[in-house]
Novice: 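Okay, here's the structure, questions in a sec.
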Amino acid sequence: MMQDTFEPKIIAFCCNWCSYAGADLAGTGRLKYPENIRIIRVPCSSRVDSALVLRAFQNGADGVMIAGCHPGDCHYDTGNYHTRKRMMLLKSLMEFMGLDEERLLVKWISGNEADRFKDTVESFTSKLKKMGASGKVRDLRCAK
Amino acid sequence: MKIGVFICWCGSNIKNMVDVERVAEATGKMPHVVYTQDVQYLCSEVGQSDIGNAIDEHQLDRVVIGACSPRMHETTFQQLMNRKGLNPYYVEIANIREHCSWVHTDKAKATVKAIDLVKKAVAKSYYAVPLHAESLPVNKRALVIGGGIAGIQAALDIADAGYPVDLLEKESSIGGKMAQFDKTFPTLDCSACILTPKMVEAATHENITLHTYSELEDVSGYVGNFHVTIRKRATSVDEERCTGCGECVTKCPAKVDNEFDQGHSKRKAIYTLFAQAVPNKPVLDRKNCIYFKTGKCGVCKKICPTDAINYEMEDQLIENDYGAIIVATGFELNEPTHLGEYHYGHHPDVITSLELERMLNASGPTQGKMYRPSNGKEPKRIVFIQCAGSRDRHDGNSYCSKVCCLYTAKHTILLNEKFPDTESYVFYIDVRTAGKNYEEFYERARQMGANYLRGHVSKVEPLGDSDNRLLVRGYDGSLGEQTEIEADLVVLATSIEPQQGAKKLAGMLGISSDRNGFYSEAHAKLKPVETQTQGVYLAGVCQGPKDIPEAVSQASGTAAKAIVLFNRGQVKGVPTTAMVDEELCSGCMQCKPVCPYEAISQEMITERAHGKARQRPVASINRALCQGCGACAGLCRSGAMDIGGFTGRQLLAEVDTL
Amino acid sequence: MLGYYPGCTVRAQKEDGFEQESLAILAALGIKAQELEEWECCGAVYPMAQDEYVGLLASVRALNQTEKEEKDGLLTLCSACYHVLKRVNVRMKNDEEAQKRVGNYLEMDYKGQTEVYHLMEVLRDMVGMNSLKEAVTEPLKNEKIASYYGCLFLRPQKEINLVDGENPQLMEDIVRALGAEPVTYPYSTDCCGSYHTCQEEGVSRQMSLKLVESARRAGATQMITACPLCKYNLEKCQESMEKEEKLPIHYMTVPIVKAMGGMKTLERKGEAHAYSAENSSQSSA
Amino acid sequence: MRIPQKTAASHQREELADIIRKDVRDCYQCMKCSSGCPFAEEMDYMPHQMMWLTNLGLYEKILNSKSLWICASCLACSSRCPRDIEPAKVMEGFRAMILRERGRTNVSPVIPKGVPRQAVIANMRKFRR
């Protein structure tokens, strides 16, 4: 696949209070970023189960982004700390599985950081473009 | 299952960048979708009735909306569902405006994305679960912790609304720090004159119960249903019998430094905190009592005409249930001995602002006379040092104590008024006068003769002259040179700090503190009196340095919150709470420590296995406390924990469509 | 008919032509002014000390004289005279103590009734910018003129109240009326060094040079002023320059005279005005 | 500098107040006077420092300063002072105190050729008695 025509598939989990609001603000401010990203709304970044991230890769996602409030700003006080720990662990698991851990991006974006949201999406998209398509993680369960 | 999909144009906002008809057409082919429509404005009355009609006509039981951000109109659509007799959590919204049409420039690609987003929402709606908020009754009684001006105000407001209030104070009298002050800025009202009527009102109010000399022992429960244990320390004085005649105080032979006067006077071992104390009954300080130290004395017991002295009295534990708790625990002042350059603690004429406040107070240790502790003479030249321990990352507190600028201005005004031949010099970093009539007050201080020198003091040293004076070396930013002033008295504006026990109390109440140790409000702008724990509110300096009017208004704010809660009579929880599948739960309890609301507890269930009943632990959710963050669901190994509205199955369905 | 107060500097430097040109311009525009029968030096600086009254006397005499001669106000050309007379007048209007003391000493009752005008004020308020524009016969198309006000016309704003002290536009409006381009530069309101020219020469030299350089950088082909001392300082600071490097400093009357067709034309117009006025006053009598 | 035990006596403070009828105590040291003073470079004490010395009662420093004789009363400071103190007037007050009683001045005028007469008169009025 030619690098410049490759469009990576990105799934983002955004917490309702900060990063989802930041993405909303990017829209309200009519900032522009690539179309590759699909945002899934979660109450808090800590809701994101590691299995969900792996499932995304399994389904052919080239990158997964988890975005939450800045440390200390979590709407639920401590959720993002758990996220940070859990995703660190997941990253090493990904390496173990042969998935480039850089395909998982954990980012803190507040509700008023529309620019940061846009910049993050832009840079992640172009990085994934350079990295190329992710190798498929096979589902070893028997298909129904 | 019958799903209706509605795509909003939002006028041209979506339609110009997304081919809405194609989106409707593409999603219409998905399983269970029986109806699709694109509408000019879904949030308008027309749009709403379009959805309503479609629900009736096609007997829809799920609705998927492709429109603006759910943060915008989710409640609008949920209310529509309610009106149609459908569970509000049967509506799903795909954000095709903020996350699509507004941020993209290629219509073809944006349309593909919009289709994806709506498909994702349809997939999520397959697994939607009906959700209901839990209602719990509220115990209409409030606990106010801290009997300073903030606590008194909160208690009075709630009591005036007709609800019973318990006011808890750890000292033997209510009144707090304000009782120590002389005058208040910027009006120079006498502090006691405006405070004592409120103290008396609180003590005599039919709805207020005072618990002085008492501390919080334990708290459990949640909003509307807190269970609290109060430890009432033994005063050794029977409150019922004591008439407050004061004979015991007069005759007590043990003298110790009076903390209320900052050590500038003595008090007895049996004492009332100050003359206007409420309740005005003495307590016995066992640490300093001769009887308790040596077993001999007993003068107070002998002299008491009503036989109220009881050396055998023990601490009492009082248990009560409350619907709301107001935290108004106030502050402490930093002991500036660590700032060696100011010589505090080494030279008696270096004092704190609160010491000066006591000196100036007509009912203080000197009846309002100024004196130099070293020789008792009246000081002629007084140097004030601002930010002594505040705004100091290196050796103090990094924050601003907020009230020092104004009370120092007050001190210079009072000194110039009472003793016109005193000179006052103020070394400052910034003078902050944000508040009604505060700038004018500062102006008045300068006009009356206070000299404000911009620059911090580097050293205070004894001159070693016969008068035992002090040399203050600072910097005068206006002249741009080092400046020395020979002073008779040096006054340090010490830093405001959280109470020693603040952290422990926070732990008991399940509230959090900021990095400075002050309690954190739920939202810096919009929830300034609430905490992360529902039903617990913050008033006064325990939340951060503030002046009296601010503390009082915040206190009234907390009272309003409590009254609203009591008036409603019940608490409605968040519908999107955690849920446990007991069959899957292994009872590992990994979820418990990550819950920021202490909503998870262990519960034993009985199940039948192999024909035998056996008990097994599982996690159990208190839906009144749970706020639905999902931290528990995110880590649950067995997949037993889930969050309503964001179940694992729903999120998986979303991931799978993409 | 306005009373006219020449002031010592303008009178002493008659050969500069400031006085002659000013009066000719006014006459040509139909404004009549007549020198006061009696006047003395205003004192050159306004006496700021509030407890001193001697410094007010000379100015009050001139102001009172104007009233005695039943003039419609007092015209000045020099910025210092304008400044001093106007401020003394404000003080006499508002300070009862000054009224009492000065009145006792001069044996007169003066309470600040006289209006004090400067040439440029007369052009704005009595002639009007449109009439001035109409009177221009040779528009100064290629001139870029930097107007320099100096302190005395501007401050204190509350008392002088001639123009906006931080952004004056009056001289610029006159320049525009003459068909020239006004130059905007940041130092039109700064001090030229004033009477320091008589002591620390370096001080006023540096300050004046800063003004001139600023005007030159902004593209000025000449600078105009209404103050003899400012003009002196602005010229003096360029003394050591080559002739072609120097920025010409003019009284504000110079470009006006030029645009209105020269002195000869002005004098003719002035005479015509005088004649028609005489006739009309005869016919009305 | 050590602030002396005795600062300006009340009769001196009154003398100044009589001349200027301004309350220098209103000054909050915003330093706008100094930031706009065209003579600042030549001064030993900036205008805001003169106001400050006035408040501290360090009159001797002011009376011995060079700045008093540098100020040309251009009133840039006075017209911009947010407290309406008029620093130029305060300086004039101190000049007057010197010229009236102390009979000293730091200025020895030179009269260049062709200087306008107003400058000569102004010099006499400002700097001599």
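Chain A is the first sequence line, chain B the second, and so forth, proteins listed ahead of strands; every chain is numbered from 1.
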Novice: Given B:Lys124 and B:Glu92, is the salt bridge (charged side-chain N to carboxylate O under 4.0 Å, His left out) satisfied, shown in steps?
Specialist: CA-CA 8 Å; B:Lys124 189 180 179 192; B:Glu92 268 312 321; 3.7 Å; yes
Novice: For the residue pair A:His75 and A:Trp17, is the inter-centroid distance of their aromatic rings smaller than 6.0 Å?
Specialist: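 Ring centres of A:Trp17 and A:His75 closer than 6.0 Å.
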Novice: What residue, out of B:Val112, B:Leu635, B:Asp514, B:Asp106, has the most heavy-atom pairs lying under 4.5 Å from chain A?
Specialist: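 Among the listed options, the one with the most contacts to chain A is B:Leu635.
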Novice: Which bit of A:Ala61 comes within less than 4.5 Å of chain B, counting heavy atoms only: side chain, backbone, both or neither?
Specialist: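 Neither part.
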Novice: Against chain B, label A:Phe13 side chain, backbone, both or neither, depending on which of its atoms sit under 4.5 Å from a heavy atom there.
Specialist: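 For A:Phe13, side-chain heavy atoms alone lie under 4.5 Å from chain B.
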Novice: Could you have a look at B:His99, B:Gln627, B:Arg515 and say which one has the most heavy-atom pairs with chain A under 4.5 angstrom?
Specialist: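 With the most close heavy-atom pairs to chain A, the winner is B:His99.
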Novice: Heavy-atom pairs under 4.5 Å with chain B are the metric here; pick the option from A:Leu52, A:Thr78, A:Ile37, A:Val64 that has the most.
Specialist: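 Looking at each of A:Leu52, A:Thr78, A:Ile37, A:Val64 in turn, A:Leu52 comes out on top.
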Novice: Between B:Gly639, B:Ala522, B:Pro70, which residue shows the highest count of heavy-atom pairs closer than 4.5 Å to chain A?
Specialist: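 Option with the top pair count is B:Pro70.
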Novice: Could you tell me which of A:Cys15, A:Ala23, A:Gly79, A:Ser45 has the largest number of non-hydrogen atom pairs under 4.5 Å with chain B?
Specialist: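 Most heavy-atom pairs within the cutoff with chain B belong to A:Ala23.
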Novice: Counting only heavy atoms closer than 4.5 Å, note whether B:Thr105 contacts chain A via side chain, backbone, both or neither.
Specialist: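 The answer is both parts of B:Thr105.
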Novice: With a 4.5 Å heavy-atom cut-off, do B:His523 and B:Glu530 have their side chains touching?
Specialist: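 A side-chain contact is absent here, since even the closest heavy-atom pair is not under 4.5 Å.
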Novice: Would you sort out whether B:Gln650 and B:Thr647 count as a side-chain hydrogen bond (donor to acceptor under 3.5 Å, both in side chains), showing the intermediate values?
Specialist: CA-CA 5 Å; B:Gln650 281 181 300; B:Thr647 63; 3.3 Å; yes
Novice: Can you say whether A:Leu31 sits under 4.5 Å from chain B via the side chain, the backbone, both, or neither, judging by heavy atoms?
Specialist: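 The backbone, not the side chain.
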Novice: Taking B:Thr577 for its side chain and B:Cys626 for its backbone only, find out whether a donor-acceptor pair lies under 3.5 Å.
Specialist: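 No; judged by distance alone, with no hydrogens or angles, the pair does not exist.
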Novice: Given that the side chain runs from C-beta out, which part of A:Asn16 has a heavy atom under 4.5 Å from chain B: side chain, backbone, both or neither?
Specialist: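 Interface part for A:Asn16: both.
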Novice: Exactly one of B:Glu74, B:Glu98, B:Glu654 should register a salt bridge (Lys or Arg N to Asp or Glu O under 4.0 Å) with A:Arg41. Which one does?
Specialist: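 Option passing the salt bridge (Lys or Arg N to Asp or Glu O under 4.0 Å) with A:Arg41: B:Glu74.
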Novice: Kindly say whether B:Asn13 contributes a backbone atom to a donor-acceptor pair with the side chain of B:Ser101 at under 3.5 angstrom?
Specialist: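 Confirmed, B:Ser101 side chain pairs with B:Asn13 backbone.
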Novice: With a 4.5 angstrom heavy-atom cut-off, could you sort out which part of A:Lys9 is near chain B: side chain, backbone, both or neither?
Specialist: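 The side chain, not the backbone.
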Novice: Could you check which of B:Cys629, B:Ala631, B:Gly630 has the highest count of heavy-atom pairs closer than 4.5 Å to chain A?
Specialist: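 Sorted descending by pairs with chain A, the first entry is B:Cys629.
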Novice: Using non-hydrogen atoms and a 4.5 Å limit, figure out which bit of B:Lys120 sits close to chain A: side chain, backbone, both or neither.
Specialist: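 For B:Lys120, side-chain heavy atoms alone lie under 4.5 Å from chain A.
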Novice: Need one label for B:Thr657: side chain, backbone, both or neither, based on atoms under 4.5 Å from any heavy atom in chain A.
Specialist: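 The answer is neither part of B:Thr657.
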Novice: Could you tell me whether A:Lys85 atom NZ has more than 12 heavy atoms of other residues or ligands within 6.0 Å of it?
Specialist: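 Result for NZ/A:Lys85: open.
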Novice: For the backbone of B:Gly648 and the side chain of B:Asp642, can you confirm whether one donor and one acceptor N or O come within less than 3.5 Å of each other?
Specialist: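 At least one qualifying donor-acceptor pair exists.
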Novice: What part of A:Val42 gets within 4.5 angstrom of chain B, counting heavy atoms only: side chain, backbone, both, or neither?
Specialist: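 Backbone plus side chain of A:Val42, per the 4.5 Å heavy-atom cut-off to chain B.
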Novice: For A:Arg30, which atoms come within 4.5 Å of any heavy atom of chain B: side chain, backbone, both, or neither?
Specialist: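 Contact with chain B involves both backbone and side-chain atoms of A:Arg30.
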Novice: Taking the side chain from A:Thr83 and the backbone from A:Ser46, do they hold a donor-acceptor pair closer than 3.5 Å?
Specialist: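 Looks like yes, one N/O pair under 3.5 Å.
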Novice: Given that the side chain runs from C-beta out, which part of B:Leu117 has a heavy atom under 4.5 Å from chain A: side chain, backbone, both or neither?
Specialist: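 Only the side chain of B:Leu117 comes within 4.5 Å of chain A.
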Novice: Please check: side-chain N/O of B:His104 versus main-chain N/O of A:Tyr33, any donor-acceptor pairing under 3.5 Å?
Specialist: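 Indeed, once roles are kept as given, a pair shorter than 3.5 Å links the two residues.
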Novice: Top residue by heavy-atom pair count (under 4.5 Å) with chain B, among A:Ser50, A:Pro43, A:Cys44?
Specialist: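 Of the options given, most contacts go to A:Pro43.
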